[in-house]
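Everything below concerns the one structure shown next.
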Amino acid sequence: YEQLNQLVHHLAKRIVERLPEISAVTDQPVTCGILAAGGMEYLLCQLALLKLPNVILFPISSRNSQAAVEHLIRKTKTMVLFTVAHFLPMVTSIQ
């Protein structure tokens, strides 16, 4: 458990280093989405985001169509999206 906690803490620290730029734009919590089909990276990212204050975790199902993912990102005002290489073409197209 200690190794997992250290790894998640390190990841959370790396994420928060990049969030101040986004947080400066708004006083509201930052919505961070995760688009992946599961796996260790997905779990670690979720745990890291849950550790951060003023962050809303929004998991997006990988079974959604591109149109549905785009709609969810816009509707929830997701400012940061974490994904894996498999979904990069879809995310690039949405961007």
Side-chain angles (χ1 to χ4, degrees):
Y1 175 78
E2 183 59 33
Q3 286 177 323
L4 174 64
N5 189 47
Q6 287 176 359
L7 183 60
V8 169
H9 181 74
H10 176 73
L11 181 57
K13 188 175 161 187
R14 296 290 306 262
I15 292 170
V16 83
E17 288 171 358
R18 285 154 178 79
L19 288 182
E21 319 157 345
I22 296 165
S23 298
V25 175
T26 177
D27 294 336
Q28 302 298 320
V30 176
T31 302
C32 295
I34 302 177
L35 175 62
M40 186 57 73
E41 297 88 358
Y42 183 77
L43 175 64
L44 293 174
C45 191
Q46 276 189 331
L47 293 173
L49 289 171
L50 287 172
K51 282 186 170 250
L52 299 177
N54 214 26
V55 168
I56 299 170
L57 167 62
F58 181 59
I60 302 172
S61 174
S62 60
R63 290 179 263 167
N64 284 321
S65 67
Q66 180 173 333
V69 170
E70 184 172 359
H71 173 75
L72 289 168
I73 289 171
R74 290 188 197 291
K75 197 71 167 171
T76 60
K77 298 180 179 145
T78 297
M79 298 183 83
V80 178
L81 181 65
F82 296 92
T83 192
V84 293
H86 176 76
F87 297 106
L88 208 47
M90 179 196 312
V91 172
T92 303
S93 176
I94 290 171
Q95 192 178 28

Show your working on side-chain contact (heavy atoms from CB on, under 4.5 Å) between F82 and I15 and close with a plain yes or no. CA-CA 10 Å; F82 296 92; I15 292 170; 4.0 Å; yes
Do T83 side-chain atoms and L88 backbone N/O form a donor-acceptor pair below 3.5 Å?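 Absent.
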Any donor and acceptor pair, going by atom type alone, linking the side chain of R14 with main-chain N or O of H10 inside 3.5 Å?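 No.
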What are the two closest heavy atoms between [X] and [Y], and how far apart are they?
X   : Y   : answer
I60 : L35 : O-CD1, 3.7 Å
P59 : Y42 : CB-OH, 3.3 Å
S62 : A36 : CB-O, 3.6 Å
C32 : V55 : SG-CG1, 3.8 Å

Let me see the working for V30 and M79 under side-chain contact (heavy atoms from CB on, under 4.5 Å), right down to the final yes or no. CA-CA 7 Å; V30 176; M79 298 183 83; 4.2 Å; yes
Got a second to check how far [X]'s [atom1] is from [Y]'s [atom2], nearest 0.5 Å?
X   : Y   : atom1 : atom2 : value
K75 : T31 : NZ    : OG1   : 13.5 Å
L7  : E2  : CG    : CD    : 11.5 Å
S65 : H71 : OG    : NE2   : 10.5 Å
T78 : F58 : OG1   : CZ    : 5.5 Å
L43 : L4  : CG    : CG    : 7.0 Å
L49 : I34 : CG    : CD1   : 5.0 Å

Do E70 and Q66 have a side chain donor and acceptor closer than 3.5 Å?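 There is no such pair between these side chains.
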Would you say that more than 12 heavy atoms from the other residues, nucleotides or ligands in this model lie under 6.0 Å from the CD of Q6, or not?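 Yes, because the 6.0 Å sphere around CD of Q6 holds more than 12 heavy atoms from other groups.
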Identify which one of L11, N5, V8, L57 satisfies the side chain to side chain contact (heavy atoms under 4.5 Å, CB included) criterion when paired with L47.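 Exactly one candidate clears the test, V8.
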Can you get from [X] to [Y] by hopping between Ile, Leu, Val, Met, Phe, Trp and Tyr side chains that sit under 4.5 Å apart?
X   : Y   : answer
F87 : I73 : yes
V84 : L72 : yes
L44 : L52 : yes

